[in-house]
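Each remark here refers to the structure printed beneath this line.
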Number of protein chains: 2
Amino acid sequence: MPKKKSYHHGDLKNALIKAGVEILAKDGVSGLSLRKVAGRAGVSHSAPYSHFADKQALIAAISTEGFRQLYERESTVADLYADQPSKQLIEAAWAYVQFAMDDPDRFKVMFSAVLEKEKEYPEFVSESQRNFQLVRRIIEANQAAGVLRSGPSDLIALSAWGIVHGFVMLWLEGQISHAVLEKSSLRELVEFQLRQIMLD
Amino acid sequence: MPKKKSYHHGDLKNALIKAGVEILAKDGVSGLSLRKVAGRAGVSHSAPYSHFADKQALIAAISTEGFRQLYERESTVADLYADQPSKQLIEAAWAYVQFAMDDPDRFKVMFSAVLEKEKEYPEFVSESQRNFQLVRRIIEANQAAGVLRSGPSDLIALSAWGIVHGFVMLWLEGQISHAVLEKSSLRELVEFQLRQIMLD
DNA sequence: CTATAATCTTTACAGTGTCAAGATTGAGAG
DNA sequence: CTCTCAATCTTGACACTGTAAAGATTATAG
């Protein structure tokens with residue numbers, strides 16, 4: 001890990017991503033500015049432009065890194081419960097929710113960056129597709145075990161992802177009333193949501 | 001509708017909300033600035049501060065108005081198919097998706113404004129709760145008709161809302177691959193998603 | 001009719017993203 | 001080893017942003 005104090009930073013690109021994640025966690029998405037990121041990395045305000053075309057590009061890089069870590073967590077859980085499909089499904093969903101709650105603002109940014117920049121940020125696209133393929137594998141294991149209905153696994157994966165993602169989003173935006181939250185823990189709620197698409 | 005050209009606008013508050021919605025549709029969420037909104041309403045750049053505490057407050061008002069219109073649409077559909085629960089459910093979901101697609105940026109803003117400002121924007125809270133109660137009524141009708149599993153209607157409503165909302169969000173952020181979209185129309189996809197939680 | 005409060009304008013300031021020009025330096029060619 | 005050049009970083013500038021303070025205008029209540 002180079003950390004000399006010379007004119008050239010050495011690994012500024014990654015340092016900026018890291019600084020961005022930290023600022024995101026501390027000041028939220030509205031507090032994320034290029035200049036603050038540069039400052040935190042100990043570099044002048046327009047140094048980032050040597051590594052990123054614009055602010056969007058930095059955000060895309062942060063998002064990409066986020067998807068990498070998400071995959072790391074999800075695949076670990078998936079491997080751990082590879083022999084118990086239904087548990088695998090629920091624990092993976094729970095890991096997803098936890099990931100979102102660990103750093104809500106980064107999570108939001110991950111899903112508000114790209115739109116149709118598929119051409120501009122190919123790494124982001126491939127990383128997010130890798131995550132979807134993992135979900136799909138989990139769904140197929142559950143179909144084989146009779147836990148989920150048969151049918152096109154990509155569409156069912158979309159359902160499973162959608163139900164969990166939708167729940168997380170509604171939770172993050174405070175749309176889930178206290179009345180509901182008092183009755184059950186978040187963990188129980190997530191499991192209940194998923195069980196809606198699981199066969200008895 | 002007063003539209004005189006005097007010093008006092010007459011109905012600036014609503015004019016600002018309207019201008020905001022228009023800018024949102026044209027320039028997207030990143031193009032929404034208080035100054036542009038003021039300009040479009042034909043007023044100086046800090047006139048909005050007579051009606052809104054800050055930019056967040058304007059956004060909250062736009063969101064609140066959005067939820068009002070959403071309720072309008074949803075309740076119309078719900079009334080129309082009141083005697084066919086399963087159709088009522090699917091058409092309501094489809095109306096939700098269409099609402100999001102009509103104006104994606106406004107839809108996003110509606111779900112990215114409040115967080116825990118429950119105290120600061122009570123109208124927003126009550127309006128969004130009104131929408132949830134409507135979903136809940138639809139769910140209860142479907143439970144009574146044996147279309148949905150029995151169980152706490154608030155939790156099942158959360159599932160239904162979550163699955164549709166999650167789908168919309170993933171769609172809006174380009175997370176739904178072309179491969180999936182080529183096989184089915186959006187309408188078919190939405191119906192497929194919902195059928196995951198419906199009994200056969 | 002007049003005082004007051006609401007509404008709108010003007011002016012000002014600190015932050016922001018971005019660009020252009022220049023300074024510094026690491027790495028390869030000779 | 002030295003020279004050169006391209007990559008990297010800094011400085012300075014610009015237009016635009018949100019927001020606060022002070023002043024102008026006017027509707028309306030008393």
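Just so it is clear: chains get the letters A, B, ... in the order the sequence lines come, proteins before strands, and each one is counted from 1. Computed over heavy atoms, backbone and side chain alike; hydrogens, waters and symmetry mates excluded.
- Nearest nucleotide to the B/S46 side chain, out of D/dA20, D/dG18, C/dT16: D/dA20.
- Under the ring-ring contact (aromatic ring centres under 6.0 Å, His included) criterion, the residue pairs touching residues 65-91 of chain B are B/F67-B/F111, B/F67-B/F124, with sequence neighbours excluded.
- A straight line from OH of B/Y49 to C1' of C/dT11 spans 15 Å, rounded to a whole angstrom.
- For C/dC8, the OP1/OP2 oxygens have no side-chain nitrogen or oxygen of B/S50 closer than 4.0 Å.
- Relative ring orientation between A/Y96 and A/F107 is described as perpendicular, the plane-to-plane angle rising above 60° on a 0-90° scale split at 30° and 60°.
- Closest-nucleotide positions on DNA chain C for B/A47 and A/D54 were compared, and the one nearer the 5' end corresponds to B/A47.
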Report, one pair per line, the protein and nucleotides 4-6 of chain C atoms (nitrogen or oxygen only) whose separation is under 3.5 Å.
none

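- Distance B/L58 CG to D/dG18 P: 10 Å, rounded to the nearest Å.
- In this structure, B/L12 places its CG atom 15 Å from P of D/dA27, rounding to the nearest Å.
- Taking side-chain N and O atoms only, B/H51 has a distance below 4.0 Å to OP1 or OP2 of C/dC8.
- Distance NZ (A/K36) to C1' (C/dA14): 13 Å, rounded to an integer number of Å.
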Can you give the donor-acceptor pairs under 3.5 Å from side chains of residues 193-200 of chain B to other protein atoms, not counting sequence neighbours?
| unit_1 | atom_1 | unit_2 | atom_2 | d |
| --- | --- | --- | --- | --- |
| B/Q193 | OE1 | A/S159 | OG | 3.4 |
| B/Q193 | NE2 | A/S159 | OG | 2.9 |
| B/R195 | NE | B/E191 | OE2 | 3.3 |
| B/R195 | NH2 | B/E191 | OE2 | 2.9 |
| B/D200 | OD1 | A/R149 | NH1 | 3.4 |

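- Between the side chain of A/H45 and the base of C/dG15 there is no donor-acceptor pair of N/O atoms closer than 3.5 Å.
- In this structure, CZ of B/R35 is placed 13 Å from P of C/dA12, rounded to the nearest angstrom.
- When the P atom of C/dT16 is taken as reference, atom CD of A/Q56 falls 17 Å away, rounded to whole Å.
- Spacing between atom CG of B/D11 and atom P of D/dA27 amounts to 15 Å, rounded to whole angstrom units.
- A salt bridge is absent between B/E74 and B/R137: the closest approach of a Lys/Arg side-chain nitrogen to an acidic carboxylate oxygen does not fall below 4.0 angstrom.
- Note on residues 20-58 of chain A: no pairs pass ring-ring contact (aromatic ring centres under 6.0 Å, His included), not counting sequence neighbours.
- For C/dT9, one of the phosphate oxygens OP1 or OP2 lies less than 4.0 angstrom from a side-chain nitrogen or oxygen of B/S44.
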Which side-chain N or O atoms in residues 32-40 of chain A pair as donor and acceptor under 3.5 Å with protein atoms at least two apart or in another chain?
| unit_1 | atom_1 | unit_2 | atom_2 | d |
| --- | --- | --- | --- | --- |
| A/S33 | OG | A/K36 | N | 3.1 |
| A/K36 | NZ | A/G31 | O | 2.9 |
| A/R40 | NH1 | A/E22 | OE1 | 2.2 |

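- For A/L34, the side-chain atoms get nearest to C/dT18 when compared with the rest of C/dT18, D/dT19, C/dT10.
- Residues that satisfy the side-chain hydrogen bond (donor to acceptor under 3.5 Å, both in side chains) test with A/D102, not counting sequence neighbours, are A/R73.
- Between the CZ atom of A/F52 and the P atom of D/dA7 there is a distance of 17 Å, given to the nearest Å.
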